[in-house]
Peer 1: 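Sharing a structure below in structure tokens format, with a few things to ask.
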Amino acid sequence: MKRLQKQTLTLLLSVMLLLSLCAGAFAAAGEIPADRQKPLLVDDADLLSDSEETALLALLEQKSETVQADIAVVTVEDTDGADVADYAMDYYDYNGYGQGDDNDGVLLLISMAERDYWITTTGFCIEAITDYGRETIEGDFLPALSAGSYADAFRTFAAGCETLIQSAREGNVYDYYSSDSDSDNGYGGYYNDAYEYFGSDAFSGTVSRPFNAGASLVIALVIGFVLSLITVSAMKGKLKTVHRRYEASNYVVPGSLALQQSEDRFLYSNVTQTPIPRHDDNHSSHGGFSGGGSSVSFGSSGVSHGGGGGKF
Amino acid sequence: MATTLDYKCPHCGGKLEFQPGTEQMQCPYCDSVVDVAALQNLDEVLKNTPADEMHYHEDAGAEWSQDEQAAMQVYVCKSCGGEIISDENTAATSCPFCGNPVVLSGRLSGVLKPDYVIPFQLDKKAAKDALKKHLEGKRLLPKVFKSEHHIDEIKGIYVPFWLFDASAQADLNFKGTRTRMWSDSKFNYTETSHFAIHRSGSLGFQNVPVDGSQKMADDLMESIEPFDFSKAVDFQTAYLSGFFADKYDVGAEESKAHANARIKQSAESAFRDTVDGYNTLTLENSSVRFQNGKAKYALYPVWLLNTTWRGKQYTFAMNGQTGKFVGDLPVDNGRFWKYVLAFTPAYGAVAFGILWLLHHFF
């Protein structure tokens, strides 16, 4: 009887300890505000002129209103030593970005110190902006970003996000399988049309890659010609049966090999080292891409985010 | 007495100071681990590798007896200069090398009598069948070629061969490397270890053949190898009955260079096969010395057919013992391109399919 009580007590105490630890962790992680604490455009790195800032903020507010999800752009000098992805997610969470119960929204973080960018998606936007969709947007705004045309880059980013989210709200999630021009599932078509409306030709190049039958046929015929040349040359080789011999292995007396000395001496050794290439550079593959959908990670607050980034 | 020796690092050339008695040390410049004693020893070994010595006792062939010599007759081809020998009962009409008529030039003189002969084991019919089979399934062969040549002209000829026996004593020095790879979170590491490998031993060779006839193309004769010398018998003129023998015009002394090159090559590869466990292996030097090098003179049976097609001579040869048939054949260029064009659409269709799949799924 006493033993049982003791066990129950121990169990109770451990559960309480565990709970207090969790609470402590949550407390340490800080509060997630219910309402947004910062504007949709935060230009701490001062990349935009005042007039550009005003125009862009208005654009972001208007588009966020339309798709009912925050489309935000944040620029910083550096990330205080934090990983750019963690910084972006925490910035999003602790500044209360996002609309609706799931804090729907997308945030583009630019960190000038290492020229990093990161796009983090939250709530509905995780589904709406798939890895494939994100990389498509990146393909369009990165040239401008690298060139230093920040306002252009951000406008393109906002337009891309608006299109993807709007499309997803209507049930057409843009993912890699929907990019084929001949797919009749209705996906992608909206995106293409929408982008033609924006007049972004860089986009139409990446989004819809029609199978170029003519060029492929020419390439296939060249390959076919080379292969058949190899085959027929092999047939031609059968006509030549006369060859010189440069060895006498047929005339070795069987079993006559007698090894008298056999010595393997170590002389010297040296070690070379090469750095392992980092995998988070621009346009490298991201987890989850090959199967479509979005790669998801968690910020310190425990909220799940999608997204990805690289250097510009 | 010096206590330190200057030595160069084999990897970076930096100066190593090494204490005699210690074996391995680290290069201060490139961190290579060096076994200086082994490196010094290697210099000695490479310097002291003896030169090749590949000689034979020159007693190949024998003298003909009076009776034998009297029974032999020599024919000469006025067209190509080929000389053939037959016994007195076998009359030659056309030259086996070029097909032109031959004339009797007289009795045999000035050449040695063979030590051995491998008698013909396959007859003319077998040779004709082998030729037919040789021409079968060759799609690029001009069609007319099969009908135009004179298959009956196929002739059995004893070809003079010098045979070389030797017990080869070989010394070989190789350089080998082993690589080991590993990595941590930031770097890939490759460690390359260098070794000096020495092998020495003996290997016996028997009856390495070199044909002693200028009329016979060396590559053609080497292509119908090997002959099985265990079936050879002591030479007797009776074996020549019904066949011709080519008169040798390249001596044993002139023939041995090629035999030696072949023996050296095979000795090197036999000893190289005793080395394993390295990622790369290169032969630094080798020395082959013969003990009991001996040359013999033998006649080997060969079926020969010469045919001229569009101004070019094609020679076919069959090993008269094993039936191995060789001979380069002409290529019909029209047929060549016809086949290329016929295959192109088929391969092209496959390639197109692959391109389409690549586009749609990747």
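In what follows, every chain begins at residue 1, and chains take the letters A, B, ... in the order their sequences are listed. For the numbers below, each heavy atom of this structure counts, side chains included, while hydrogens, waters and symmetry mates do not. Everything quoted here is computed from the prediction, not taken from an experiment.
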Peer 1: Could you look at B/A261 and say if it's the side chain, the backbone, both or neither that has a heavy atom under 4.5 Å from chain A?
Peer 2: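 Contact with chain A involves the backbone of B/A261 alone.
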Peer 1: Please identify, among B/F336, B/F325, B/Y339, the residue contributing the most non-hydrogen atom pairs under 4.5 Å to chain A.
Peer 2: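 The option with the most such pairs is B/F336.
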Peer 1: Between B/D165 and chain A, which part of the residue has a heavy atom less than 4.5 Å away: side chain, backbone, both or neither?
Peer 2: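 Neither part.
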Peer 1: In terms of heavy-atom contacts, does NZ of B/K138 have more than 12 from other residues, nucleotides or ligands at under 6.0 Å?
Peer 2: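 Yes, NZ of B/K138 has more than 12 neighbouring heavy atoms, counting only those of other groups under 6.0 Å.
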Peer 1: If you look only at pairs with a residue in residues 227-273 of chain A, which of them pass as a ring-ring contact (aromatic ring centres under 6.0 Å, His included), with sequence neighbours excluded?
Peer 2: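 Residue pairs passing ring-ring contact (aromatic ring centres under 6.0 Å, His included), neighbours aside: A/F266-B/F195, A/Y268-B/H194.
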Peer 1: Check each of B/Q169, B/E268, B/K264 against B/V288 using the side-chain contact (heavy atoms from CB on, under 4.5 Å) test, and report the only one that passes.
Peer 2: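 Output: one option passes, namely B/K264.
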Peer 1: May I ask you to name which of B/A217, B/A168, B/S202, B/A267 has the most heavy-atom pairs under 4.5 Å with chain A?
Peer 2: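 Most heavy-atom pairs under 4.5 Å with chain A: B/S202.
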Peer 1: Would you mind checking which part of B/K338 comes under 4.5 Å of any heavy atom in chain A, side chain (CB onward), backbone (N, CA, C, O), both or neither?
Peer 2: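 Answer is neither: B/K338 stays 4.5 Å or more from chain A.
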Peer 1: With only heavy atoms counted, which part of B/T177 is less than 4.5 Å from chain A, the side chain, the backbone, both or neither?
Peer 2: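 For B/T177, no heavy atom lies under 4.5 Å from chain A.
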Peer 1: Among the options A/A213, A/S256, A/S228, pick out the one with the most heavy-atom pairs lying under 4.5 Å from chain B.
Peer 2: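 Going by pairs under 4.5 Å, I would pick A/S228.
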Peer 1: Side chain, backbone, both or neither: which part of A/N250 has an atom under 4.5 Å from a heavy atom of chain B?
Peer 2: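 Only the side chain of A/N250 comes within 4.5 Å of chain B.
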Peer 1: Using a cut-off of under 4.5 Å for heavy-atom pairs, which of B/F164, B/F229, B/Y278, B/F174 has the most such pairs with chain A?
Peer 2: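 Looking at each option in turn, the highest pair count goes to B/Y278.
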Peer 1: Taking side chain as everything from C-beta outward and backbone as N, CA, C, O, which of these in A/I223 sits under 4.5 Å from a heavy atom of chain B? Side chain, backbone, both or neither.
Peer 2: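 Contact with chain B involves the side chain of A/I223 alone.
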Peer 1: How long is the gap from CZ on B/R180 to OG1 on B/T190, to the nearest 0.5 Å?
Peer 2: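 Result: 10.5 Å between the selected atoms.
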Peer 1: Are more than 12 heavy atoms from other residues, nucleotides or ligands located less than 6.0 Å from atom NZ of B/K294?
Peer 2: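 Open.
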Peer 1: My understanding is that only one of A/D140, A/I119, A/L142 makes a side-chain contact (heavy atoms from CB on, under 4.5 Å) with A/F157; could you say which?
Peer 2: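 Only one option passes, and that is A/I119.
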Peer 1: Any side-chain donor-acceptor pair under 3.5 Å between B/Y347 and A/T231?
Peer 2: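 Present: a donor and an acceptor within the cut-off.
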Peer 1: Parallel, tilted or perpendicular: which one describes the rings of B/H134 and B/F316, with boundaries at 30° and 60°?
Peer 2: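 Rings of B/H134 and B/F316: perpendicular, as their planes differ by over 60°.
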Peer 1: CG/B/L329 to CG/B/L135 distance, rounded to the nearest 0.5 angstrom?
Peer 2: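 Result: 6.0 Å between the selected atoms.
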Peer 1: Do other residues, nucleotides or ligands put more than 12 heavy atoms under 6.0 Å from the CZ atom of A/R115?
Peer 2: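 Result for CZ/A/R115: enclosed.
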Peer 1: By a 4.5 Å heavy-atom criterion (distance strictly below it), what part of B/T274 contacts chain A: side chain, backbone, both, or neither?
Peer 2: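 B/T274 touches chain A through side-chain heavy atoms alone.
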Peer 1: Under a 4.5 Å cutoff for heavy-atom pairs, which residue among B/S185, B/C27, B/P209, B/P345 has the most contacts with chain A?
Peer 2: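 Counting heavy-atom pairs under 4.5 Å, the top option is B/P209.
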Peer 1: Only counting residues at least two apart or in another chain, list the ones meeting side-chain contact (heavy atoms from CB on, under 4.5 Å) with B/S269.
Peer 2: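 Result, side-chain contact (heavy atoms from CB on, under 4.5 Å) vs B/S269: none returned.
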Peer 1: In terms of heavy-atom pairs under 4.5 Å with chain B, which of A/L221, A/V271, A/V252, A/V242 leads?
Peer 2: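 Heavy-atom pairs under 4.5 Å are most numerous for A/V242.
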Peer 1: Under 4.5 Å, counting heavy-atom pairs only, tell me which of B/A270, B/G204, B/A351, B/S183 racks up the most with chain A.
Peer 2: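 That would be B/G204.
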Peer 1: Between A/M235, A/K240, A/E247, A/K238, who has the most heavy-atom pairs with chain B when the cutoff is under 4.5 Å?
Peer 2: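 Most pairs with chain B among the choices: A/E247.
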Peer 1: Does any backbone or side-chain atom of B/Y314 lie under 4.5 Å from a heavy atom of chain A? Answer side chain, backbone, both or neither.
Peer 2: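 No part of it gets close to chain A.
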Peer 1: If we define contacts as heavy-atom pairs under 4.5 Å, which of B/V275, B/D184, B/D218, B/I354 has the most with chain A?
Peer 2: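 Maximum pair count with chain A is reached by B/D218.
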